[in-house]
Visitor: 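Just passing along the structure, written as structure tokens.
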Amino acid sequence: MPPTLAAAPTNNVLNAAPPPPTVRLEAFEGPLDLLLHLVRQGQMDIFDLPIAALCDQYMAHLAAMEEMNLAIAGDFVVMAATLIEIKSRLLLPAPPKDPAAEDEDGEPADPRAELVERLLEYGKYQNIGEMLRNCEGERRQLFFRAQAEWSGDYRLPPKFGELSAEDLLRTLERMLAHVGAGERSVTSVRRQKITLRLKMREVLLRAERADKEGVLVGELLPPAPFALLEVVLLFLALLELMRVGSIVVAQQDFCGDIRVFFVPESERASLIDEEVSEGVVVTDAG
Amino acid sequence: MQDSLSQIIECLLFVSGEPVSVKDLARTTETDADAVYAAIRTLRDRYVHSGLQIVEIAGGFQLATRPEYAPAVGRLLAPHANRLSRPSLETVTIVAYRQPCTQADIEAVRGVSSDGVLKTLIERGLLKEAGRKPSPGRPILYATTDDFLHYFGLASLSDLPPLDEDEAPVDGSEMATALAAAGVETESA
Amino acid sequence: MQDSLSQIIECLLFVSGEPVSVKDLARTTETDADAVYAAIRTLRDRYVHSGLQIVEIAGGFQLATRPEYAPAVGRLLAPHANRLSRPSLETVTIVAYRQPCTQADIEAVRGVSSDGVLKTLIERGLLKEAGRKPSPGRPILYATTDDFLHYFGLASLSDLPPLDEDEAPVDGSEMATALAAAGVETESA
């Protein structure tokens with residue numbers, strides 16, 4: 001989109017009296033911001049950018065900013081150099097070549113073209129930014145509300161059909177299966193002194209009594225209501241007894257009955273019982 | 001002016017997440033308590049056909065949804081809420097099948113204290129108190145609510161899947177499997 | 001039924017802290033989009049004399065106070081966060097039209113480093129990272145958020161004014177006039 005040079009109106013600074021160079025005190029957001037400000041302030045024709053005037057004003061602003069000790073970033077200096085370069089190129093006589101051919105090469109015929117394009121592009125966003133600034137102001141006249149409090153002021157029933165009725169049955173089955181293993185805490189009401197050692201002794205005794213028949217693990221369970229700890233202790237006791245070789249545990253078929261058989265002392269591998277003797281005294285897990 | 005005041009107060013009640021006292025309303029609107037009360041009356045008339053209402057609560061006024069729309073509100077907000085925890089699920093299951101039952105009944109099955117879980121379930125509206133058992137200590141009886149049915153997508157309690165009564169008293173082999181399972185859990189915990 | 005639906009939707013808009021999409025409203029009320037739109041029209045009619053209004057914003061509907069009551073509400077509430085700085089406004093505008101775009105894309109337009117501005121905008125939740133560009137260095141791509149729409153009171157990105165109304169036939173003088181007009185606006189602002 002090379003800017004047209006011919007049909008541009010002529011209300012530029014060269015004709016109109018240039019406005020006094022008012023220097024905005026705030027720092028410009030980069031050289032493009034400053035340039036666009038100068039173009040707008042001077043009502044310059046962007047498509048026939050009076051680069052000489054623009055360059056002079058730009059340099060004047062830079063000097064003013066320097067005087068006011070505003071930090072001038074490298075960007076500004078680079079732009080100054082660019083402006084001077086464009087200015088000097090415009091002063092040079094046009095090379096004796098066909099301008100149309102140069103356009104074919106992608107070489108812009110006018111050294112200002114790229115700068116003009118950047119200014120136009122930047123200007124578009126600045127304009128929309130101003131429109132959004134208005135939106136921002138209007139929107140800030142509206143007030144919204146945070147999400148309603150949950151449980152306190154509103155009784156919120158849970159989501160419909162979040163769980164199925166099958167889930168209820170599964171839960172019941174699992175509960176029966178897990179024998180109350182759902183929670184860690186145990187009420188102090190249930191405070192009991194059961195030691196692993198006592199449990200082991202009990203299991204061993206009952207296994208011995210059952211002799212060749214063996215005893216069902218289920219029969220070793222304490223009567224309902226089941227205390228989680230008792231079940232855990234039973235399990236630990238079984239493990240420990242198996243480890244020391246006092247019992248063997250057998251299961252005939254998959255998911256079938258598990259039977260505990262007593263192993264007479266004569267048939268055991270001699271293992272030291274010391275580790276077990278410490279027997280953790282479980283009282284209250286809560 | 002009266003009308004405008006009621007609209008300003010409407011805005012104030014709307015944006016405030018908590019009850020606004022008449023004093024604060026009068027101060028903010030630069031009027032007095034009488035004007036505020038009058039405006040609130042106007043507002044209440046206008047809210048007769050609204051899904052919202054103006055409630056007087058904790059020494060102030062507040063906008064709130066009407067209770068009859070709670071289920072819909074719940075459907076919108078519930079996805080953010082936690083699902084039932086396992087202890088809650090267990091407890092609600094026991095009550096569902098044994099209702100009305102006491103806390104002791106529940107704990108007899110679960111083997112653990114179920115005090116907090118019961119409270120949560122009542123707060124969530126899945127369980128309710130259903131009188132007292134005519135036994136020593138007259139313990140509270142619990143039952144499931146309509147929201148319970150709602151939560152599990154049941155039309156009525158008779159839609160609960162049947163529980164084989166014979167299985168309830170746990171037999172040995174089941175226990176054995178159970179024990180293995182429990183054992184594994186204990187070990188890994 | 002229609003009436004009840006509008007009341008339910010009223011409740012939903014009230015309890016939700018953010019815009020609720022028509023889809024979510026239809027799902028929650030177990031109706032369809034047409035019914036929801038109809039209910040919202042009913043609701044808007046009913047809210048004509050209210051201090052509140054139903055606004056379409058950031059991809060959904062939301063209850064809000066009417067702008068004329070902003071001063072009173074402002075007295076009750078803590079002051080707003082600061083408005084966007086000019087660099088922030090420029091940056092967010094560029095991203096809005098070019099998204100997803102990289103920091104280099106933004107800087108190419110603005111002609112200045114935009115590192116800090118980008119960070120601020122992400123912190124304010126108006127911009128977000130949106131993957132990486134499959135080019136050397138794999139630079140981060142930025143896009144606007146729903147909060148961006150909400151911040152500017154836009155229903156969707158299509159509410160943004162077109163960037164290039166004169167994209168196809170570029171008329172030089174028109175562009176110059178437009179720019180001059182914008183220039184005047186800028187000066188007066």
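Computed from heavy atoms alone, side chains included, the values below leave out hydrogens, waters and symmetry copies. Order of the sequence lines fixes the chain letters, A, B, ..., with proteins taken first and strands second; residue numbering starts at 1 for each chain.
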Visitor: Can you name the side-chain hydrogen bond (donor to acceptor under 3.5 Å, both in side chains) partners of Tyr47(B), sequence neighbours left out?
Guide: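 So Tyr47(B) forms a side-chain hydrogen bond (donor to acceptor under 3.5 Å, both in side chains) with Glu10(B).
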Visitor: Without swapping roles, check the side chain of Ser114(C) against the backbone of Val117(C) for a donor-acceptor pair under 3.5 Å.
Guide: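 Checked: no pair found.
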Visitor: Determine, for Glu123(B) against Lys119(B), whether the closest basic-nitrogen to carboxylate-oxygen distance falls under 4.0 angstrom.
Guide: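 No salt bridge links Glu123(B) with Lys119(B).
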Visitor: With Gln103(B), which residues qualify under side-chain hydrogen bond (donor to acceptor under 3.5 Å, both in side chains), at least two apart?
Guide: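 Expected list: Glu107(B), Asp115(B).
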Visitor: Would you list the atom pairs, donor with acceptor, under 3.5 Å between side chains in residues 129-143 of chain C and any protein atom, with sequence neighbours excluded?
Guide:
unit_1    : atom_1 : unit_2    : atom_2 : d
Arg132(C) : NH1    : Arg138(C) : O      : 2.8

Visitor: Would you give the length of the straight line joining atom CG of Asp146(C) to atom CD of Glu18(C), rounded to the nearest 0.5 angstrom?
Guide: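 Separation between the atoms: 9.0 Å.
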Visitor: Looking at Pro71(C), Ser50(C), Ala72(C), which has the largest count of heavy-atom pairs under 4.5 Å with chain B?
Guide: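 Most heavy-atom pairs under 4.5 Å with chain B: Ser50(C).
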Visitor: Which residues in residues 55-64 of chain C have any heavy atom lying under 4.5 Å from a heavy atom of chain B?
Guide: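 So far as heavy atoms go, Leu63(C), Ala64(C) are the residues that approach chain B to under 4.5 Å.
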Visitor: Test Thr42(B) against Asp45(B) for side chain to side chain donor-acceptor pair (under 3.5 Å), laying out the working first.
Guide: CA-CA 5 Å; Thr42(B) 309; Asp45(B) 288 346; over 6 Å; no
Visitor: Examine whether an atom of Glu30(B) lies under 4.5 Å from a heavy atom of chain C, and if so say whether it belongs to the side chain, the backbone or both; otherwise answer neither.
Guide: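 It is the side chain, since no backbone atom gets that close.
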